[in-house]
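Scroll down for the structure; my scribbles are underneath it.
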Amino acid sequence: MRLSKYFIPTIKENPSEAQIVSHRLMLRAGMIRQSSAGIYIWLPMGLLVLNKIAQIVREEQNRAGAIEVLMPTIQPAELWQQSGRYDAYGKEMLRITDRHDREMLYGPTNEEMITDLFKNAVKSYKDLPLSLYHIQWKFRDEVRPRFGIMRGREFLMKDNYSFDLNFESAKASYNVMYVAYLRTFARLGLVAIPVRADAGAIGGDLSHEFQILADTGESTLYYDKAIESFDLSSLIGDIDEQTLAKLQSFYAMEEEKHDADNCPVAPADLKTAKGIEVGHIFYFGTKYSEAMGAKVTGPDGKEVFVEMGSYGIGVSRLVGALIEANHDENGIIWPEAVAPYKVGLINLRFKDESCTAACDDLYQEMQKLNIDVLYDDRDAGAGSKFADMDLIGLPWQVVVGPKGLEKGVYELKNRRSGERVELSRAELLDKLG
RNA sequence: CGGGGAGUGGCGCAGCCUGGUAGCGCACCUGUUUUGGGUACAGGGGGUCGCAGGUUCAAAUCCUGUCUCCCCGACCA
């Protein structure tokens with residue numbers, strides 16, 4: 001993509017309303033613009049990242065055997081009246097009335113809808129286990145939205161729902177998601193700590209929150225430092241009971257539940273850190289199936305309420321969490337897996353014909369080789385181009401100017417390490433290809 | 001929901017106390033200049049000062065109401 005023909009409205013000064021670094025950088029790097037409190041427009045750079053994250057989440061869900069569907073954002077109140085949550089959910093639910101005075105709502109989550117779907121479509125134990133997910137916008141009318149997209153009112157979530165015949169099977173489904181989540185966050189280059197959580201009002205006894213370590217996190221965690229050194233690559237492939245048991249035996253608690261006096265981890269092995277919750281998984285049994293009448297006929301011919309679990313990943317929140325975990329004073333530092341572009345090509349001297357010709361040529365060659373490149377071909381000063389490119393945070397920068405061209409070299413800069421090397425054109429293309 | 005703060009060109013702000021034809025920096029446009037980390041100079045465009053009402057000869061400025069946004073806390077699959 002040529003920057004001169006693109007739309008990345010960067011901002012030089014820090015917007016006054018943005019307090020935390022990911023919010024500031026997303027605004028400054030032209031990824032988002034605010035529409036109203038907790039509601040954002042996703043600009044091209046933000047959307048590219050959002051989609052890349054969603055795709056990784058999707059691939060890992062599919063790998064775990066989940067099946068993608070797409071449920072609507074607008075739901076009928078009737079379903080929520082059946083589950084009993086229509087009144088219980090309170091003001092966080094955005095309620096809407098249509099032209100026929102029917103009560104509707106903008107979905108904050110989809111247990112009711114998926115349970116209703118299941119009830120109408122599945123009748124036999126032979127169709128179990130079943131795991132359905134979608135990646136859809138949610139709306140929760142938070143009292144105080146803040147931190148940009150990290151706690152917005154409208155947000156993109158992957159939510160998954162499992163249906164099983166009995167507890168043993170449900171627990172296996174839960175564990176499949178547990179592993180899929182660790183694998184997903186590992187692919188994003190994040191250290192995610194699975195923290196035991198209260199299933200709370202939602203009921204059930206199996207629940208974990210997945211917390212990304214970042215200084216600006218909202219929760220304080222205490223955990224066994226052995227978790228950090230656990231080899232996540234061992235999770236690729238089938239789930240090994242022992243590995244899983246080991247993983248789940250690691251100690252990790254939120255501050256409120258951490259009891260220093262009775263902690264099983266030796267003080268020397270205990271670490272504390274701030275975390276951002278990016279995922280939450282629950283087993284909740286028959287809470288919704290009973291309320292809404294979702295039954296299957298078992299092998300013995302008797303009807304039983306289906307066992308359920310739900311599993312959420314905050315896809316849009318992950319964009320912010322990734323920035324919290326990957327930035328410096330100059331801007332964002334994208335991990336390659338989610339970078340909007342892999343390479344930024346900087347033409348230092350637009351008005352120098354041979355320099356521009358060399359850049360144009362290199363750009364075309366990169367496109368031929370399928371190197372994902374953003375080409376800064378604007379007629380602007382070198383300083384502002386460097387500053388913008390650092391701000392946007394593409395993993396690699398190729399700097400082309402008359403000085404280098406005289407020597408026949410191109411400069412390649414690694415955004416994360418800051419390391420610069422001078423390469424020939426062939427070496428450069430080989431390295432990036 | 002409790003407490004605090006703010007609404008003045010796209011962004012960051014001054015002006016308000018002490019009413020008198022709206023200003024600065026950045027950004028933008030034109031020209032010249034410059035060019036390896038946000039170059040310099042000159043010229044230019046853009047704002048009914050959140051909205052509504054009131055006081056006054058006169059309101060960004062004073063008064064009343066209202067909306068929105070932000071921060072702290074509480075809350076939060």
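Letters go in sequence order (proteins before strands), and every chain restarts at 1. Keep in mind that what you see is a predicted model, and the values were worked out from it rather than measured.
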Classify [X] by what it touches in the nucleic acid, base, sugar-phosphate, or nothing, heavy-atom distance under 4.0 Å.
X: Thr109(A); answer: base
X: Lys351(A); answer: base
X: Ala37(A); answer: sugar-phosphate
X: Gln34(A); answer: sugar-phosphate
X: Asp388(A); answer: base
X: Asp390(A); answer: base
X: Arg420(A); answer: base

How far does the [atom1] atom of [N] sit from the matching atom of [M], given to the nearest Å?
N: G2(B); M: U66(B); atom1: P; answer: 14 Å
N: G31(B); M: U39(B); atom1: C1'; answer: 16 Å
N: G53(B); M: G20(B); atom1: C1'; answer: 23 Å
N: U33(B); M: C16(B); atom1: C1'; answer: 41 Å
N: G65(B); M: G73(B); atom1: P; answer: 30 Å
N: G23(B); M: G9(B); atom1: P; answer: 14 Å

Counting the benzene-type ring for Trp, do [X] and [Y] have ring centres under 6.0 Å apart?
X: His280(A); Y: Phe210(A); value: no
X: Tyr251(A); Y: Tyr222(A); value: no
X: Phe155(A); Y: Trp137(A); value: no

From C26(B), C76(B), C72(B), nucleotide with atom closest to Lys12(A) side chain: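 The nucleotide sitting nearest to the side chain is C26(B).
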
Taking the side chain of Ile11(A) as heavy atoms from C-beta outward, which of C76(B), C11(B), G36(B) is closest to it?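 Selected nucleotide: C11(B).
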
Presence of [X] side-chain N/O under 4.0 Å of [N] phosphate oxygens OP1/OP2:
X: Arg151(A); N: C76(B); result: no
X: Arg144(A); N: C1(B); result: no
X: Lys91(A); N: C1(B); result: yes

d([atom1], [X]; [atom2], [N]) in whole Å:
X: Ile8(A); N: A27(B); atom1: CD1; atom2: C1'; value: 17 Å
X: Glu13(A); N: C26(B); atom1: CD; atom2: P; value: 10 Å
X: Asp352(A); N: U33(B); atom1: CG; atom2: P; value: 16 Å

Identify, between Tyr89(A) and Leu391(A), the residue whose nearest nucleotide on RNA chain B lies closer to the 5' end.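 Upstream on the strand: Leu391(A).
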
First of Arg146(A) and Ser16(A) reached from the 5' end of RNA chain B, by closest nucleotide: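 It is Ser16(A), whose closest nucleotide lies nearer the 5' terminus.
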
base_contact_polar (G36(B) base, Lys385(A) side chain, donor-acceptor, <3.5 Å):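 No, no donor-acceptor pair under 3.5 Å.
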
Asp224(A)/Lys271(A) ion pair, N-O < 4.0 Å: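 A salt bridge is absent here (no side-chain N lies under 4.0 Å from a carboxylate O).
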
Between Arg425(A) and Asp430(A), does any NZ, NE, NH1 or NH2 come within less than 4.0 Å of an OD or OE carboxylate oxygen?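 Answer for the salt bridge query: no.
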
Sole candidate of Glu78(A), Glu112(A), Glu92(A) that passes salt bridge (Lys or Arg N to Asp or Glu O under 4.0 Å) when paired with Arg85(A):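 Only one option passes, and that is Glu112(A).
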
